[in-house]
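Scope of the values below: all heavy atoms of this structure, side chains included, with no hydrogens, waters or symmetry mates. Predicted, not measured: the structure shown is a model, and the values here were computed from it.
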Amino acid sequence: MNVFDDLTTRVRTAVRAALGSEGADLSRIVVEPAREAGHGELATNAAMVLAKPLGRKPRELADAIAAELRGDADIATVEVAGPGFINLTLAPSFWQSLLGSIIAADSAYGRSKRGAGEKVNVEYVSANPTGPMHVGHCRGAVVGDALASLLEANGYAVTREYYINDAGKQVEVLGESALLRYREALGETIGEIPEGLYPGDYLVPVGQALAQDYGPRLLNMGPEALTIARDTAVAMMMEMIRGDLAALNIEHDVFFSERSLIEGGTDRVAEAIQALQARGLIYEGRLPPPKGQVEPDWEDREQMLFRSTEFGDDVDRPLIKSDGSYTYFASDIAYHYDKYLRGFRQMIDVWGADHGGYIKRVQAAVKAVSGGEAAADVKICQLVNLFRAGVPVKMSKRSGNFVTLREVVQEVGVDPVRFMMVFRRNDAPLDFDFQKVTEQSKDNPVFYVQYAHARTCSVFRQAAWEAPDVDASAEALGRAELARLVDSGEIGLIRRLAEFPRVIESAGEAHEPHRIAYYLYELASEFHGHWNRGKEMPQLRFVNHGDRESTAARLALVHAVRLVLAEGLAILGVSAPVEMR
RNA sequence: GGCCCCGUAGCUCAGCGGAUAGAGCAGCAGCCUUCUAAGCUGUUGGUCGCAGGUUCAAUUCCUGCCGGGGUCGCCA
């Protein structure tokens with residue numbers, strides 16, 4: 001039910017009829033919404049695309065195609081304009097019946113089957129399990145989650161995944177920090193937390209849990225105690241992080257432990273390296289030191305390298321540290337190899353801006369390890385700048401004075417956080433103002449869009465009161481005399497609703513959930529605008545006194561607007577309130 | 001120095017190769033004696049960082065500069 005696909009097909013048919021089908025490439029022909037009112041409702045580039053291959057003038061081709069299109073009863077006007085555009089307006093009856101289809105499709109409207117059930121893995125958040133999530137993690141969390149939903153709306157089989165970095169030095173430090181808290185829980189005075197350990201209070205419960213479970217036994221246990229403390233701490237931190245995510249309504253399908261790659265008998269990292277070796281992509285060699293930067297302890301040594309440059313990386317990458325353990329990247333290769341073995345050919349990783357330099361090597365790894373069958377897209381999320389009524393919120397890691405995700409959600413609620421995080425492109429920095437995002441005013445996009453939905457609901461409440469004889473059920477509205485919808489504002493709204501499937505597809509294809517947010521903003525704006533016209537011109541109001549048929553038709557339109565707003569907000573994980581009080 | 005991202009109206013930003021580049025805010029001019037719930041309507045404002053290239057067509061793709069940010073073996 002994508003109008004643009006529908007019309008593209010019709011245009012291609014018209015092209016074949018007008019010009020014969022002698023092998024011309026019709027794939028580049030598209031029908032798009034016209035940008036300006038003066039350019040009709042839809043426009044196609046068919047004539048311009050075909051001009052060159054056919055060796056004919058665009059305007060001439062356009063005239064021939066246009067003549068063909070005029071035979072289509074759904075097309076009201078056809079005009080050739082500019083360099084060879086064919087501008088179309090559709091018959092009101094076309095839009096009216098489209099509205100009927102939208103209502104019939106109900107919550108399936110906008111959903112695409114383009115993904116055809118293909119498996120996609122979206123890995124996001126993946127915050128280190130060393131403490132609670134702070135606002136910095138928030139954006140990636142929301143972007144990843146909304147992207148996952150967006151891909152589901154496009155018919156993909158999506159797995160939401162979290163990679164737990166539970167294998168490196170940081171979790172060892174976490175373990176040590178937990179042991180200190182353990183001694184504290186046993187009654188020792190530990191004084192100030194030493195430099196280099198995690199000072200946060202959130203480790204106090206970990207120490208208490210250890211004390212409760214083990215009593216004083218860990219004190220003389222040796223290295224084993226550290227392992228126990230570490231594992232306990234990681235488990236409890238992950239519990240906390242899950243709670244943080246739950247506060248954002250985020251739930252992952254898979255939590256993948258980095259440590260699991262090397263524990264439990266099989267060395268999955270070694271297997272991944274072997275897979276690369278089998279493809280001749282591993283060698284012993286030396287790396288040039290980084291240029292333009294002083295590296296005092298640079299040690300030139302012969303080491304095992306992955307030939308990632310073969311896949312577009314800048315230098316080949318080491319897999320084994322000088323102490324003999326695997327590099328983080330080696331584990332990550334194994335992790336992505338695992339994703340490939342689980343059947344994912346499309347992998348999306350959502351990372352913070354500071355990981356930008358890591359993209360090429362992971363993409364190289366995915367290509368290498370899958371023999372070119374799989375590909376990774378990496379979405380980088382830029383910083384979020386916090387404000388309170390326009391004043392920057394100071395944050396310093398050193399003083400531990402960072403704002404946690406939980407605090408933000410508690411203060412402003414989930415909806416403003418989720419909406420604002422996708423109201424920018426992920427790769428552009430974003431300003432987040434605690435005060436503005438909760439304002440109930442036109443200037444606050446969250447409110448503006450949610451209010452549009454609430455307003456649609458309000459119309460129905462009003463209708464039940466003022467026009468109780470009109471059956472406002474979805475079934476009845478689907479049967480309404482939609483031909484009553486002739487006002488330009490009404491048709492305009494239907495036209496906007498018609499764009500929804502197209503927005504879902506293009507946003508899904510580009511992996512850009514923010515486009516949904518912008519679309520919803522535009523739809524809301526158009527709906528509010530039409531509403532406001534009813535102030536000056538009561539005859540345009542949805543509840544049209546004394547005319548049941550007209551009221552029913554308009555309620556059908558409002559119902560469809562509500563449907564699309566709710567669907568779009570659902571993709572973003574933002575609620576669609578029935579009232580804003 | 002290498003690599004990556006960004007550069008569009010005074011500000012914050014949209015813009016999947018298409019026409020005269022859009023929105024919100026701010027500014028300006030009206031309306032707001034009351035109704036459909038958090039005002040409304042209109043309007044000013046642009047060498048799309050610069051220079052080349054590809055194309056019928058470039059803000060969009062490519063190359064090189066300029067400016068801002070990030071990042072740069074054995075951290076994750």
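Comparing G73(B), A57(B), U41(B) against the side chain of Arg28(A) picks out A57(B) as the nearest. Distance from the side chain of His39(A) is smallest to A19(B) among A19(B), C5(B), C4(B). Proximity note for Arg515(A) (side chain, C-beta onward) versus A76(B), C56(B), G15(B): the nearest is G15(B). Minimum atom distance to the side chain of Asn128(A) is reached by A76(B), of the listed G73(B), A76(B), A37(B). Side-chain proximity of Thr327(A) to the nucleotides G18(B), C74(B), A37(B) is greatest for C74(B).
A 3.5 Å limit on both hydrogen-bonding distances identifies C31(B) as the Watson-Crick or G-U partner of G39(B). Across all strands shown, C6(B) is found opposite G67(B) as a Watson-Crick or G-U wobble partner, with both distances under 3.5 Å. In this structure, A19(B) forms no base pair with any nucleotide, since neither Watson-Crick nor G-U wobble geometry is met with both distances under 3.5 Å. Across all strands shown, U47(B) has no partner, as no Watson-Crick or G-U wobble contact with both distances under 3.5 Å is found. Nucleotide C11(B) forms a Watson-Crick or G-U wobble pair with G24(B), both donor-acceptor distances falling under 3.5 Å. The partner of U60(B) is absent, by the rule that a Watson-Crick or G-U pair needs both atom distances under 3.5 Å. Across all strands shown, C72(B) is found opposite G1(B) as a Watson-Crick or G-U wobble partner, with both distances under 3.5 Å.
Comment: Lys321(A) does not engage Asp323(A) in a salt bridge, judged by the lack of any side-chain N to carboxylate O separation of less than 4.0 angstrom. Under the 4.0 Å criterion applied to side-chain N and carboxylate O atoms, Glu172(A) and Arg259(A) are assigned as salt-bridge partners. Lys360(A) and Asp314(A) are joined by a salt bridge, as a carboxylate oxygen and a charged side-chain nitrogen come within less than 4.0 angstrom of each other.
Rounded to whole angstrom, the span from the CG atom of Leu383(A) across to the P atom of C13(B) amounts to 12 Å. With rounding to whole Å, Leu520(A) atom CG is found 14 Å from A14(B) atom C1'. Tyr451(A) places its OH atom 4 Å from the C1' atom of A37(B), with the value rounded to the nearest Å. With rounding to whole Å, Asp314(A) atom CG is found 5 Å from C3(B) atom C1'. Rounded to an integer number of Å, the gap from Leu319(A) CG to C74(B) C1' is 12 Å. Distance, Met48(A) CE to A58(B) P: 12 Å, rounded to whole Å. Nucleotide C6(B) holds its P atom 17 Å from the CG atom of Asn385(A), rounded to whole Å.
If you take atom P in U43(B) and the same atom in C25(B), they sit 14 Å apart, rounded to whole Å. Rounded to whole Å, the P atom of G22(B) lies 15 Å from the corresponding atom of G15(B). Look at the C1' atom in both A57(B) and C11(B): the space between them is 32 Å, to the nearest Å.
Under 4.0 angstrom from either OP1 or OP2 of C6(B) there lies at least one side-chain N or O belonging to Arg425(A). Residue Lys360(A) has a polar side-chain atom (N or O) positioned under 4.0 Å from OP1 or OP2 of C4(B).
For the contact set between residues 434-447 of chain A and RNA chain B, defined by any heavy atom under 4.0 Å, the members are Gln440(A), Ser441(A), Lys442(A), Asp443(A), Phe447(A).
Counting distance only, with no hydrogens placed and no angle test, the side-chain atoms of Ser322(A) and the base atoms of C74(B) include a donor-acceptor pair under 3.5 Å. Between the side chain of Asn45(A) and the base of A57(B), no donor-acceptor pair under 3.5 Å is found. In this model, no side-chain donor or acceptor of His514(A) finds a partner on the base of A14(B) within 3.5 Å.
Across Glu490(A), Glu522(A), Glu41(A), a single residue satisfies salt bridge (charged side-chain N to carboxylate O under 4.0 Å, His left out) together with Arg496(A), and that is Glu522(A).
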Practice item. Begin with the C-alpha distance, continue with both residues' side-chain angles, and end with the deciding distance and a verdict on salt bridge (Lys or Arg N to Asp or Glu O under 4.0 Å) for Glu161(A) and Lys339(A). Key: CA-CA 10 Å; Glu161(A) 193 149 325; Lys339(A) 289 184 190 175; 5.3 Å; no
Check your understanding: Can His355(A) and Asp349(A) be said to form a side chain to side chain donor-acceptor pair (under 3.5 Å), step by step?
Key -> CA-CA 11 Å; His355(A) 289 59; Asp349(A) 294 355; over 6 Å; no
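Backbone-only contact: Gly168(A) has heavy atoms under 4.0 Å from sugar-phosphate atoms and none from a base. Residue contacts for Ala507(A): at a heavy-atom cut-off of 4.0 Å it reaches no nucleic acid atom on any strand shown.
Under the stacking criterion of a centre-to-centre distance below 5.5 angstrom and an interplanar angle below 30°, Phe85(A) sits stacked against the six-membered ring of A19(B).
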